[in-house]
Amino acid sequence: MTKTTNSKYSASNMRSVLFLVFLALATSCQFGEKKKPANPMIEVSPIPKFVDYRIEKIDKESGPCVQDSTSKKCVLFQIEYPVITGMLEEEVIQRINTNIENDILSNTPVRSESINSIAEMIDQLSNSYQELLDEFDDFEQSWMVEINADILHQEQDYISIASAIFNYTGGAHPNNSQLYRSYNLETGSPIKLSDLFLDGFQTSLNQSAEIEFRMLKEIPPTNTLESAGYWFEDDRFLLNENFAIINESLIFYFNPYEIGPYSLGATELELKLTDYVDLIDPNGPIGGLKK
């Protein structure tokens, strides 16, 4: 009896299994196989690179603080700057690296005509500080030099670098400066405005730049620049050579005291190169913008 019951149950169970298999096959034929979800990741093109470089980092202390951590008598150096390592002719690499160091040194509190490297700048400031301590035993004010520089933009014909330089060697307040510079990858030389534009560009470029400057500073055209506190000679706006080429723009920087008192701070001014195509030298580093 048990055997018959089990046999009937097995047959019924088998029919159910066969029905489920058939249903699965029918469903597969009717709706097709499930497709795997598409990969949502979008492939991003790499940013073009025209030089290889590394960041040189210097973190150093000098003075009595080196032997005594509780001493307030110290010179602190925190420095980072790019060093070109490849993808260019060796002579060009050396020239760019030398120019990068010289540009930075020109904005530090040293006698730049007597030094040729950042290492020599560190030695000179350390020696000057020690001479001050030797003369004034009770002097306890620390000095500091902080430099942060890096490549902001690369193109086939040039690279552009920004350097922020902070130093304090006594006085009412520390000194801050910002240096923008672009370097020609064929010659290794810093790029000047005269390398970018056709002869006679100065009047037109400066007049247009003054409009941008007035808009930035909210100085009406009926007011003089002097009335707003700025020191331009004969009250005529003039661009400086502290600029870099970044994303089809020229970024200019006027440091404190350069065109006005410390209270007015620094000024960063952007000129879109697409607005000055007629002035661009087709044979210069940005000549491709004329095409």
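Only heavy atoms go into these numbers, but all of them, side chains included; no hydrogens, no water, no symmetry mates. All residue numbers in this chain count up from 1 along the given sequence.
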Atom pairs and distances, donor-acceptor, side-chain atoms in residues 255-266, under 3.5 Å, two or more places apart:
from : atom 1 : to   : atom 2 : distance (Å)
N255 : OD1    : Q178 : N      : 2.7
N255 : ND2    : Q178 : O      : 3.1
Y257 : OH     : H173 : NE2    : 3.2
E258 : OE1    : N255 : N      : 2.9
E258 : OE2    : N240 : ND2    : 2.9

Working to the nearest 0.5 Å, report the span between CD of E140 and SG of C65. 12.5 Å
Side-chain touch I84/I159, heavy atoms, less than 4.5 angstrom: yes
Please report, to 0.1 Å, the donor-acceptor pairs under 3.5 Å made by any side chain of residues 275-284, with sequence neighbours excluded.
from : atom 1 : to   : atom 2 : distance (Å)
D281 : OD1    : N283 : N      : 2.9

Side-chain donor/acceptor of E212 to backbone N/O of E270, under 3.5 Å: no
Run the salt bridge (charged side-chain N to carboxylate O under 4.0 Å, His left out) test against E89 and tell me which residues pass, sequence neighbours left out. none
Taking a hydrophobic cluster as the set of Ile, Leu, Val, Met, Phe, Trp and Tyr residues connected by side-chain heavy atoms closer than 4.5 Å, whether directly or through intermediates, do F197 and F237 fall within one such cluster? yes
Please output the side-chain donor-acceptor pairs of residues 145-153 that fall under 3.5 Å, not counting sequence neighbours, one pair per line with the distance.
from : atom 1 : to   : atom 2 : distance (Å)
E146 : OE2    : N148 : ND2    : 3.3
D150 : OD1    : Y53  : OH     : 3.1
H153 : ND1    : N247 : OD1    : 3.4
H153 : NE2    : E155 : OE2    : 2.9

Can you confirm whether T85 sits close enough to I93 that some side-chain heavy atom of one is under 4.5 Å from a side-chain heavy atom of the other? no
Please tell me if the side chains of E210 and R236 come closer than 4.5 Å, counting only heavy atoms from C-beta onward. no
Checking D195 against Y158: is there a side-chain donor and acceptor pair closer than 3.5 Å? no
Is a donor on one side and an acceptor on the other found under 3.5 Å between the side chain of N97 and the backbone of V83? no
Rounded distance [0.5 Å steps], CZ in R95 versus CG in L88: 11.5 Å
Distance (rounded to the nearest 0.5 Å) between I191 CD1 and I286 CD1: 8.5 Å
Ring centres of F213 and F252 under 6.0 Å apart? no
Mind jotting down which residue pairs meet the ring-ring contact (aromatic ring centres under 6.0 Å, His included) criterion with at least one end in residues 67-105? Sequence neighbours excluded, please. none
Residue of the set F166, Y168, Y129 for which ring-ring contact (aromatic ring centres under 6.0 Å, His included) holds with W143: Y129
Any sub-3.5 Å donor-acceptor pair from S182's side-chain atoms to I245's backbone N or O? yes
Is a donor on one side and an acceptor on the other found under 3.5 Å between the side chain of S208 and the backbone of L205? no
Could you tell me whether the side chains of E131 and N127 share a donor-acceptor contact shorter than 3.5 Å? no
How long is the span from the CG atom in L179 to the CG atom in N107, to the nearest 0.5 Å? 5.5 Å
Is it true that a side-chain atom of N184 and a backbone atom of E186 form a donor plus acceptor pair closer than 3.5 Å? yes
State whether the side chain of N242 and the backbone N or O of Y180 hold a donor-acceptor pair below 3.5 Å, judged by distance alone. yes
Please identify each residue that fulfils salt bridge (charged side-chain N to carboxylate O under 4.0 Å, His left out) with D68, with sequence neighbours left out. none
F201 backbone acceptor or donor facing S204 side chain under 3.5 Å: no
Under 4.5 Å between any side-chain heavy atoms of I96 and L185, yes or no? yes
Under 3.5 Å donor-acceptor, N223 side chain and A228 backbone: no
Checking S249 side chain against I251 main chain: does a donor-acceptor pair fall under 3.5 Å? no
Are any side-chain N or O atoms of E101 and backbone N or O atoms of I118, one a donor and one an acceptor, separated by less than 3.5 Å? yes
Report yes or no: do K217 and T267 form a side-chain donor-acceptor pair below 3.5 Å? yes
